[in-house]
Q: 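Before anything else, here's the structure in question.
Bear in mind that the values here come from a model prediction, so they are computed numbers and not experimental data. Ligands are counted one by one from 1 in listed order, and the atoms in each one are counted from 1 as well.
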Amino acid sequence: MFREGEWVLIRYEEKRYLRRLDPSGSLNVRREVLRFRDLIGKPEGIRVGRFEVFRPTLEEIILLGFSRKTQIVYPKDAFYIAFKLGVDRNSKVLEFGTGSGALCAVLSVIAGEVHTYEVVEEFHRIAKENLSRFGLGGNVKFHLGDFLEAEVPENTFDAVFVDVKDPVPYLEKVHGVLKVGGVAGFLLPTTNQVSALLRNFGGKFGGVEVLEILVRYYKTVPERLRPEDTMVGHTAYLTFCRKVGS
Ligand code: SAM
């Protein structure tokens with residue numbers, strides 16, 4: 001049942017809204033009004049007029065609910081990254097920079113423990129607020145500071161993900177804090193950045209893969225099922241590798 005104060009995802013035809021169930025609140029779309037007090041105590045997945053009301057998924061929370069002052073890792077990439085890193089409830093994962101906390105939120109849902117570093121105080125604060133507003137991040141340790149200067153114990157993390165402009169200066173430290181066999185991942189928007197990364201791996205990382213995730217949505221009309229006219233053509237290239245012992 002929907003409870004007062006919880007977040008709900010409201011669909012109205014192609015539109016989507018993320019709202020908190022404040023009993024005095026309402027949503028007005030094309031002159032149709034949905035009163036939130038009428039939803040409290042009702043089962044999830046309810047239809048009221050042309051409104052449909054659900055509990056939000058993590059993708060909807062990130063895309064519609066997170067404040068963003070930085071570029072984020074989009075859910076299509078973040079969901080893939082989380083499993084590609086081999087993360088589960090027993091894993092200890094490190095990521096930087098935190099940015100708006102989008103990838104951090106995804107990792108926190110499946111990992112045992114997440115450590116995230118952000119050098120800009122404002123982004124660090126916003127990311128913390130983004131996660132806590134939606135009841136996420138109980139297993140996240142938010143560190144304010146430059147990852148390069150942080151004291152991080154060696155051979156500690158099962159996986160590390162790097163989302164900064166130039167990851168090359170961090171490679172040695174990433175290698176150091178990873179457990180042998182652990183997975184490292186990198187997100188970079190351009191191929192020349194990926195080339196620079198590959199050139200600097202040396203012999204320290206094995207099992208190197210570079211890929212990108214293309215997602216094409218379809219118009220959901222059974223009689224003329226076909227792709228949407230526009231799509232997100234590019235977000236970033238993903239590089240994954242494993243720490244090889246010496
Ligand atoms: N992955 C984030 C998300 O999904 O919301 C977005 C990360 S954003 C593209 C890159 C972030 O890295 C910026 O917020 C920047 O301030 C931070 N950053 C850059 N260098 C850093 C460093 N050496 N240590 C910690 N954070 C750093």
Side-chain angles (χ1 to χ4, degrees), residues 18 56-85 87 91 93-111 113-134 136-137 139-153 156-157 159-178 183-194 196-197 200 211-213 215 232 234-240:
L18 192 65
T57 63
L58 184 56
E59 180 180 38
E60 290 156 346
I61 287 171
I62 291 170
L63 291 180
L64 302 174
F66 272 24
S67 303
R68 298 183 210 170
K69 289 251 174 132
T70 67
Q71 181 61 263
I72 64 162
V73 178
Y74 275 81
K76 78 173 175 70
D77 296 315
F79 296 162
Y80 185 86
I81 290 166
F83 283 94
K84 192 74 176 170
L85 291 176
V87 172
S91 311
V93 184
L94 181 144
E95 66 128 23
F96 65 97
T98 315
S100 306
L103 179 63
C104 184
V106 174
L107 293 174
S108 79
V109 166
I110 62 169
E113 205 178 310
V114 181
H115 286 248
T116 182
Y117 286 80
E118 172 55 57
V119 74
V120 177
E121 200 279 332
E122 185 189 10
F123 302 156
H124 165 80
R125 179 179 48 76
I126 290 172
K128 279 169 89 169
E129 286 168 4
N130 276 341
L131 271 79
S132 74
R133 198 180 315 127
F134 293 98
L136 299 164
N139 56 347
V140 178
K141 178 87 179 90
F142 291 91
H143 302 268
L144 173 60
D146 186 334
F147 172 71
L148 214 45
E149 290 165 13
E151 278 183 30
V152 188
T156 306
F157 291 94
V160 176
F161 196 82
V162 183
D163 181 10
V164 294
K165 257 188 206 139
D166 179 10
V168 171
Y170 305 89
L171 281 179
E172 202 167 316
K173 186 152 178 176
V174 166
H175 185 268
V177 302
L178 256 184
V183 185
F186 304 84
L187 180 146
L188 289 164
T190 65
T191 53
N192 51 310
Q193 289 170 298
V194 178
L197 178 67
N200 282 278
L211 59 102
E212 62 179 317
I213 308 288
V215 173
V232 175
H234 177 67
T235 51
Y237 300 104
L238 304 178
T239 303
F240 295 95

Q: Have a look at Val164, Leu144, Val119 and point out the one with the heavy atom closest to atom 25 (C) of ligand 1.
A: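 Result: the heavy atom closest to atom 25 (C) of ligand 1 is in Val119.
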Q: Just wondering, do Val164 and Tyr170 contact through their side chains at under 4.5 Å, heavy atoms?
A: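 SC-SC contact between Tyr170 and Val164 confirmed.
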Q: Would you mind listing which atoms of ligand 1 come within a distance below 4.0 Å of any non-hydrogen atom of Asp146?
A: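 The list of qualifying atoms is 22 (C), 23 (N), 24 (N).
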Q: Report, in ascending order of atom number, the atoms of ligand 1 lying under 4.0 Å from any heavy atom of Leu103.
A: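 Reading through ligand 1 atom by atom, the close ones are 3 (C), 4 (O).
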Q: Below 3.5 Å, N or O to N or O, backbone or side chain included: is there any such pair between Ala102 and ligand 1?
A: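 Yes, there is a polar N/O contact under 3.5 Å.
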Q: Provide the number and element of each atom of ligand 1 under 4.0 Å from a heavy atom of Tyr117.
A: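 In order of number, 25 (C), 26 (N).
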Q: So do the side chains of Arg68 and Leu63 get within less than 4.5 Å of each other, counting heavy atoms only?
A: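 Side chain of Arg68 against side chain of Leu63, heavy atoms only: contact under 4.5 Å found.
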Q: Which of the atoms of ligand 1 are close to Ser100, meaning less than 4.0 Å from one of its heavy atoms?
A: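 Within the 4.0 Å cut-off of Ser100, ligand 1 contributes 5 (O).
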Q: Output the list of atoms in ligand 1 that are nearer than 4.0 Å to some heavy atom of Gln71, sorted by atom number.
A: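 Answer, ordered by atom number: 6 (C), 8 (S), 9 (C).
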Q: Looking at Cys104 and Val140, what are the two nearest heavy atoms and their distance?
A: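 Between these two residues, the closest heavy atoms are SG-CG1, 3.6 Å.
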Q: Are any of the side-chain heavy atoms of Phe79 and Ile213 separated by less than 4.5 Å?
A: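 No, side chains not in contact.
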Q: Does Gly145 have a heavy atom less than 4.0 Å from any atom of ligand 1?
A: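 It does; at least one heavy atom falls under 4.0 Å.
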Q: Please determine whether the number of non-hydrogen atoms from other residues, nucleotides or ligands lying under 6.0 Å from atom CD of Glu172 exceeds 12.
A: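 Not buried by this count: 12 neighbours or fewer within 6.0 Å.
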Q: Under the ring pair (Phe, Tyr, Trp, His ring centres under 6.0 Å) rule, collect the residues that match up with His124, sequence neighbours excluded.
A: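 Partners of His124 under the ring pair (Phe, Tyr, Trp, His ring centres under 6.0 Å) test: none.
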Q: What are the atoms of ligand 1, with element, lying closer than 4.0 Å to any heavy atom of Phe123?
A: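 Answer, ordered by atom number: 14 (O), 16 (O).
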Q: Can you name the nearest heavy-atom pair linking Gly137 to Leu131, along with the distance?
A: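 Scanning both residues completely, I find the closest heavy atoms to be CA-CD2, 3.8 Å.
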Q: Specify the protein heavy atom at minimum distance from atom 24 (N) of ligand 1: its residue, its atom name, and the distance to 0.1 Å.
A: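 Checked against all protein heavy atoms, atom 24 (N) of ligand 1 sits closest to Phe147 N, 3.0 Å.
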Q: If I compare all heavy atoms of Leu197 with all of Pro167, which pair ends up nearest, and what's the gap?
A: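 Of all heavy-atom pairs spanning Leu197 and Pro167, the closest is CD1-CG, 3.9 Å.
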Q: Output all residues satisfying salt bridge (charged side-chain N to carboxylate O under 4.0 Å, His left out) with Glu149, sequence neighbours left out; order by chain, then residue number.
A: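 Scan of Glu149 (salt bridge (charged side-chain N to carboxylate O under 4.0 Å, His left out), adjacent residues dropped) gives none.
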Q: For Gly101 and ligand 1, does the shortest N/O to N/O distance drop below 3.5 Å?
A: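 Yes, since at least one N or O of Gly101 sits under 3.5 Å from an N or O of ligand 1.
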Q: So, applying side-chain contact (heavy atoms from CB on, under 4.5 Å) with Val119, which one of Leu148, Leu144, Asp146, Thr98 is it?
A: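 Per the side-chain contact (heavy atoms from CB on, under 4.5 Å) rule, the option paired with Val119 is Asp146, out of Leu148, Leu144, Asp146, Thr98.
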Q: Judged by non-hydrogen atoms, does Tyr170 sit under 4.0 Å from ligand 1?
A: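 Within the 4.0 Å threshold, so yes.
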Q: Quick one: look up the protein heavy atom nearest atom 16 (O) of ligand 1 and list residue, atom name and how far away it is.
A: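 Here the closest protein heavy atom is Glu118 OE2, 2.6 Å.
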Q: Below a 4.0 angstrom heavy-atom separation, can you tell me which part of Thr98, side chain or backbone, both or neither, approaches ligand 1?
A: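 Answer for Thr98: backbone.
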Q: Side chain or backbone of Asp163 under 4.0 Å from ligand 1, or both, or neither, by non-hydrogen atoms?
A: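 For Asp163, backbone and side-chain atoms both sit under 4.0 Å from ligand 1.
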Q: Which atoms of ligand 1 sit under 4.0 Å from any heavy atom of Ile72?
A: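 Within the 4.0 Å cut-off of Ile72, ligand 1 contributes 3 (C), 4 (O), 5 (O).
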Q: Any nitrogen or oxygen of Thr70, main chain or side chain, under 3.5 Å from a nitrogen or oxygen of ligand 1?
A: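 No; every N/O pair is 3.5 Å or more apart.
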Q: Give the atom numbers and elements of ligand 1 that come within less than 4.0 Å of a heavy atom of Gly97.
A: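 Atoms satisfying the 4.0 Å criterion: 1 (N), 2 (C), 7 (C), 11 (C), 12 (O), 17 (C), 26 (N).
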Q: So which of Leu178, Val160, Thr156 actually passes side-chain contact (heavy atoms from CB on, under 4.5 Å) with Leu94?
A: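 Of the listed residues Leu178, Val160, Thr156, the side-chain contact (heavy atoms from CB on, under 4.5 Å) partner of Leu94 is Val160.
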